[in-house]
Amino acid sequence: NVYGVDEYNNIEAKFLEEFGTNISTKSEWRSLTIARTFSDSSVVEDYTVTVKEDETENINAKLSDMAHMTIDSKPSGATILINGDNVGTTPHSVDMASGDYEITLKKHGYYNFRKQVHLDSSMPNIMLNMSRQYFKSSMFYFGGGYQSGTMTSAGGIVGTYIHKVNVELSYMVGLSESEEIFWNHNDASDEPSSYTYKPTYMGAKLGYGINLNSRLRITPKVGCGVTQLKGTIKQDNGSKYKPEEAYAIPLSIGCSLDFALTPWCAIFARPEVSFAVSESDIYNNLSQVSTKVKGYASGFNALAGLYFYF
């Protein structure tokens, strides 16, 4: 019928076909359910009324329209929560009263989707797009790269993010030697000995990752390490003094800009400035005569490479 009223619960009255019919019953509290029934669903509203002798209680019942909805997502297979209740996975069909609902989608490898959506019969099909989560707040990675600057080198990195806090270890090997440096000592002849030096670096960095979007992340970093020089003798004057090894301890400040190629592989570029806070005597002597040696621990470098993460 035009009003669609087909059910009264706990009321001592016959079936009513229209609103506006008087109901006679005993004086006491009663619960009333009014429903509009469709072919496969109904909208139900519950009311509590007080029934008193010689008094009339008016009820204005407004029933919402029902809509047969299909909720889907890209990609499919996402868990659906409607107003916090798990109702299944996409694609999912459901009969719902028209209105506003909070829809949440969850799927491994994607950001949670949450949106207030108005559902009604004019939009029976809803497609929701989920964003791929490339960088996670907690992950482990390893890789390698090439560094240019005051210390041209190549090496490897290994690190982790724990709730966006980044800890990384790196090991770099210099790709070129210093110029030939001559040493003279008072226990040898007037002819000096000469060495060339090749650097290695081992250090640790601490940073904090900031996701700029689903694929791009920037991580400001501070670090500390050891730059070690290994000398190769080119000319020996017979001196017992062998300045074959030296070291410096540099601090570094920089940032890493990472771009995810896939959900398990990323490329990175990380410029940084370093400065030596401690040097061995031999390193100090070398850095005074060689700007190249000085640059191994103090200067500007940029590392670029690729890493795998999970």
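Everything numeric in this text was worked out from a predicted model, so none of it was measured. For the single chain, residues carry numbers from 1 onward in sequence order.
- Residues Thr196 and Glu179 bring no donor and acceptor atom of their side chains to less than 3.5 Å of each other.
- Residues Leu175 and Leu229 fall into different hydrophobic clusters, defined by Ile, Leu, Val, Met, Phe, Trp and Tyr side chains chained together at heavy-atom separations under 4.5 Å.
- For the pair Ser298 (side chain) and Ala276 (backbone), a donor-acceptor distance under 3.5 Å is present.
- Below 30°, between 30° and 60°, or above 60°: for Phe142 and Phe310 the angle between ring planes is above 60°, a perpendicular geometry.
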Begin from the C-alpha positions of His163 and Val165 and carry the test side-chain contact (heavy atoms from CB on, under 4.5 Å) through to its verdict.
CA-CA 6 Å; His163 300 297; Val165 176; 5.6 Å; no

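- With rounding to the nearest 0.5 angstrom, the OG atom of Ser256 is 7.0 Å from the CD atom of Glu168.
- Here Ile282 contributes atom CD1 and Lys242 contributes atom NZ; the two are 12.5 Å apart, rounded to the nearest 0.5 Å.
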Applying side-chain contact (heavy atoms from CB on, under 4.5 Å), run through Met130 and Lys74 and close with a yes or a no.
CA-CA 6 Å; Met130 303 183 71; Lys74 289 184 179 180; over 6 Å; no

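- At a cut-off of 3.5 Å, with distance as the only test, no side-chain donor of Ser287 or Tyr296 sits close to an acceptor on the other residue.
- In this structure Tyr111 satisfies the ring-ring contact (aromatic ring centres under 6.0 Å, His included) test with no other residue, sequence neighbours excluded.
- For Asn284, the side-chain contact (heavy atoms from CB on, under 4.5 Å) partners two or more places apart in sequence, or in a different chain, are Glu279, Gln288.
- Interatomic distance, CG of Leu257 versus CG of Leu212, reported as 7.0 Å (0.5 Å rounding).
- Here the closest heavy-atom approach between residue Phe140 and residue Val158 is recorded as CZ-CG2, 3.5 Å.
- Its side chain within the 4.5 Å cluster rule, Met202 clusters with Tyr171, Val173 among the Ile, Leu, Val, Met, Phe, Trp and Tyr residues.
- Side-chain contact between Gln116 and Asp100 is present, with at least one heavy-atom pair separated by less than 4.5 Å.
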Test side-chain contact (heavy atoms from CB on, under 4.5 Å) on Phe268 and Tyr307 and set out the steps.
CA-CA 8 Å; Phe268 66 89; Tyr307 64 78; 3.4 Å; yes

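- Listed here is the closest heavy atom pair of Tyr197 and Glu244: CE2-O, 4.1 Å.
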As a quick check of understanding, evaluate side-chain contact (heavy atoms from CB on, under 4.5 Å) for Tyr141 and Ile157, giving each step before the final call.
CA-CA 8 Å; Tyr141 64 91; Ile157 59 172; 4.0 Å; yes

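- In this structure, Tyr283 contributes its side chain and Val293 its backbone to a donor-acceptor pair below 3.5 Å.
- Between the side chains of Thr90 and Ser73, at least one donor-acceptor pair of N or O atoms lies under 3.5 Å.
- Listed here is the closest heavy atom pair of Lys107 and Ser76: NZ-O, 3.4 Å.
- Counting only distance, with no hydrogens or angles, the side chain of Tyr309 and the backbone of Tyr134 share a donor-acceptor pair below 3.5 Å.
- In terms of modelled atom types and a separation under 3.5 Å, the side chain of Thr219 and the main chain of Cys255 share no donor-acceptor contact.
- Taking a cutoff of 4.0 Å between a charged side-chain nitrogen and a carboxylate oxygen, Lys115 and Glu102 do not qualify as a salt bridge.
- Evaluation of the salt bridge (Lys or Arg N to Asp or Glu O under 4.0 Å) test over residues 258-267, restricted to residues two or more places apart or in two chains, returns Arg217-Asp258.
- Between the side chain of Asn213 and the main chain of Arg215, a donor-acceptor pair closer than 3.5 Å is present.
- Grouping the Ile, Leu, Val, Met, Phe, Trp and Tyr side chains by contacts below 4.5 angstrom, directly or via other members, places Leu306 with Leu216.
- With hydrogens and angles left out, the side-chain atoms of Ser194 and Gln235 include no donor and acceptor closer than 3.5 Å.
- Judged purely by atom type and a 3.5 angstrom limit, Asn285 uses its side chain to pair as donor or acceptor with the backbone of Asp281.
- In this structure, Thr150 contributes its side chain and Gly295 its backbone to a donor-acceptor pair below 3.5 Å.
- Qualifying salt bridge (Lys or Arg N to Asp or Glu O under 4.0 Å) partners for Glu272, counting only residues two or more places apart in sequence or in other chains: Lys205.
- In this structure, CG on Asp72 lies 11.0 Å from CD1 on Ile126, to the nearest 0.5 angstrom.
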Check against side chain to side chain donor-acceptor pair (under 3.5 Å), Ser176 and Thr152
CA-CA 7 Å; Ser176 62; Thr152 302; 5.3 Å; no

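- Side-chain contact between Ile181 and Tyr195 is absent, with no heavy atoms from C-beta onward closer than 4.5 Å.
- In this structure, Tyr247 has no ring-ring contact (aromatic ring centres under 6.0 Å, His included) partners at least two apart in sequence or on a different chain.
- Between the side chain of Asn301 and the backbone N or O of Gln147 there is no donor-acceptor pair closer than 3.5 Å.
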